[in-house]
Amino acid sequence: MAVNPAIEGRVYPPTEPYLVGREKIREFARAVFATNPTSFDVDSARAAGHADLVAPPTFPVIVQERALAQLVADPTSGIEPVNLVHSTEHATSVRPVVAGDELSAVLTVTNVTPRGPHTLLVADIEILDATGDHVSTMTSTLFVRGDEE
């Protein structure tokens with residue numbers, strides 16, 4: 001089954017809120033070899049003007065994954081998970097993510113481009129806080145392998 005080109009422009013509903021915890025920030029920071037003390041020490045974060053620990057800039061990928069899961073699980077998308085390769089990722093932050101944030105994601109399929117039997121798909125995922133304010137945008141380019149003839 002090929003990727004359904006009609007999903008271009010489709011907007012998926014917001015994901016369930018994800019409560020950002022201090023330990024999740026610390027774990028993520030260690031995993032990406034972050035060294036900024038604001039990701040590990042509350043006093044350092046507060047001294048830098050933040051309400052709590054500050055997540056590394058790529059932390060929203062945790063919330064983004066939930067939105068991408070909606071796309072892949074959509075039976076009308078034509079995406080077979082086994083044929084999906086995450087090609088590129090770009091993040092644009094509006095403000096830092098801090099412990100205590102409740103984040104959700106809204107995915108919009110912005111481009112579906114056939115490449116022979118394969119498809120390049122671009123999705124913009126807006127990360128929003130509990131008040132609906134924009135925190136960051138993650139742009140994912142996905143390569144979906146098609147059937148070779």
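All figures in this text were calculated on a predicted structure; none of them were measured in a lab.
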Seminar exercise, completed: Of all heavy-atom pairs linking Ala34 and Pro56, the shortest is CB-CG, 4.1 Å
Problem set entry | Minimum-distance pair of heavy atoms, taken over all atoms of Pro14 and Gln70 | O-NE2, 4.3 Å
Exercise. According to a 4.5 Å side-chain heavy-atom criterion applied to Ile, Leu, Val, Met, Phe, Trp and Tyr, with indirect links allowed, do Ile62 and Val20 form part of one hydrophobic cluster?
Worked result: yes
Exercise. With sequence neighbours left out, what residues match Glu16 under salt bridge (Lys or Arg N to Asp or Glu O under 4.0 Å)?
Worked result: none
For this session: Ignoring hydrogens and angles, tell me if any N or O in the side chain of Arg145 forms a donor-acceptor pair with the backbone of Val82 under 3.5 Å.
Result: yes
Seminar exercise, completed: Ser93 and Ser136 have their tightest heavy-atom pair at CA-CB, 3.8 Å
For this session: Drop me the distance from Leu84's CG to Ser77's OG, to the nearest 0.5 angstrom.
Result: 9.5 Å
Exercise. Going by the ring-ring contact (aromatic ring centres under 6.0 Å, His included) test, which pairs reach into residues 90-113, not counting sequence neighbours?
Worked result: none
Seminar exercise, completed: Output for pair (Ile127 CD1, Thr15 OG1), nearest 0.5 Å, gives 7.0 Å
Problem set entry | Worked verdict on Ser140 versus Gln64 for side chain to side chain contact (heavy atoms under 4.5 Å, CB included) | CA-CA 9 Å; Ser140 292; Gln64 172 204 22; 2.5 Å; yes
Exercise. Quick one: salt bridge (Lys or Arg N to Asp or Glu O under 4.0 Å) partners of Asp124, sequence neighbours excluded?
Worked result: none
Exercise. Can you find a heavy atom in the side chain of Ile125 that is under 4.5 Å from one in the side chain of Leu68?
Worked result: yes
Exercise. Between Lys24 and Glu27, is there a side-chain N and carboxylate O pair less than 4.0 Å apart?
Worked result: yes
For this session: Any chance you could pull the hydrophobic cluster mates of Val98, using side-chain heavy atoms under 4.5 angstrom and chaining through other members?
Result: Val54
Seminar exercise, completed: Residue pairs meeting ring-ring contact (aromatic ring centres under 6.0 Å, His included), one or both in residues 96-116, sequence neighbours left out, come to none
For this session: Under the side-chain hydrogen bond (donor to acceptor under 3.5 Å, both in side chains) rule, collect the residues that match up with Asp133, sequence neighbours excluded.
Result: Thr131
Seminar exercise, completed: In short, Ser39 meets Ile25 closest at the heavy-atom pair O-CG2, 3.6 Å
Problem set entry | Chi angles and distances behind the side chain to side chain contact (heavy atoms under 4.5 Å, CB included) call for Arg26, Leu53 | CA-CA 8 Å; Arg26 289 179 179 123; Leu53 292 184; 3.7 Å; yes
For this session: Among Leu128, Val94, Leu103, Val63, find the residue that satisfies the side chain to side chain contact (heavy atoms under 4.5 Å, CB included) test when tested with Val135.
Result: Leu103
Seminar exercise, completed: Contacts satisfying ring-ring contact (aromatic ring centres under 6.0 Å, His included) that involve residues 44-70 (not counting sequence neighbours) are Phe28-Phe59
Problem set entry | Contact list for residues 91-119, test salt bridge (charged side-chain N to carboxylate O under 4.0 Å, His left out), sequence neighbours left out | Arg95-Asp101, Arg95-Asp129
Exercise. Linking I/L/V/M/F/W/Y whenever any side-chain heavy atoms sit under 4.5 Å apart, do Leu71 and Val11 land together?
Worked result: no
For this session: Treat each ILVMFWY residue as a node, draw an edge where side-chain heavy atoms are under 4.5 Å apart, and state whether Leu120 and Val3 are in one component.
Result: no
Exercise. Quick one: salt bridge (Lys or Arg N to Asp or Glu O under 4.0 Å) partners of Asp74, sequence neighbours excluded?
Worked result: Arg10
Atom pairs and distances, donor-acceptor, side-chain atoms in residues 105-113, under 3.5 Å, two or more places apart:
unit_1: Thr110; atom_1: OG1; unit_2: Val122; atom_2: O; d: 3.2
unit_1: Asn111; atom_1: OD1; unit_2: Thr113; atom_2: OG1; d: 2.4

Exercise. Just wondering, do Thr139 and Glu89 contact through their side chains at under 4.5 Å, heavy atoms?
Worked result: no
Exercise. Just checking, any donor-acceptor pair under 3.5 angstrom between side chains of Thr141 and Thr88?
Worked result: yes
Problem set entry | Interatomic spacing from CD in Glu126 to OG in Ser104 - rounded to 0.5 Å | 10.0 Å
Exercise. Of all heavy-atom pairs between Arg46 and Ala51, which one has the smallest distance, and what is that distance?
Worked result: NE-O, 3.1 Å
Exercise. How far does CD of Glu65 sit from CE of Met138, to the nearest 0.5 angstrom?
Worked result: 12.0 Å
Exercise. Of the non-hydrogen atoms in Thr38 and Ser44, which two are nearest, and what is the gap between them?
Worked result: CG2-O, 3.8 Å
For this session: Among Ile, Leu, Val, Met, Phe, Trp and Tyr joined by side-chain contacts under 4.5 Å, find the other residues sharing a cluster with Phe40 and list them by chain and number.
Result: none
Problem set entry | Rounded distance (nearest 0.5 Å) linking atom OG1 of Thr119 with atom CD1 of Ile79 | 8.5 Å
Seminar exercise, completed: residues 120-144 vs ring-ring contact (aromatic ring centres under 6.0 Å, His included), sequence neighbours excluded, gives His118-Phe143
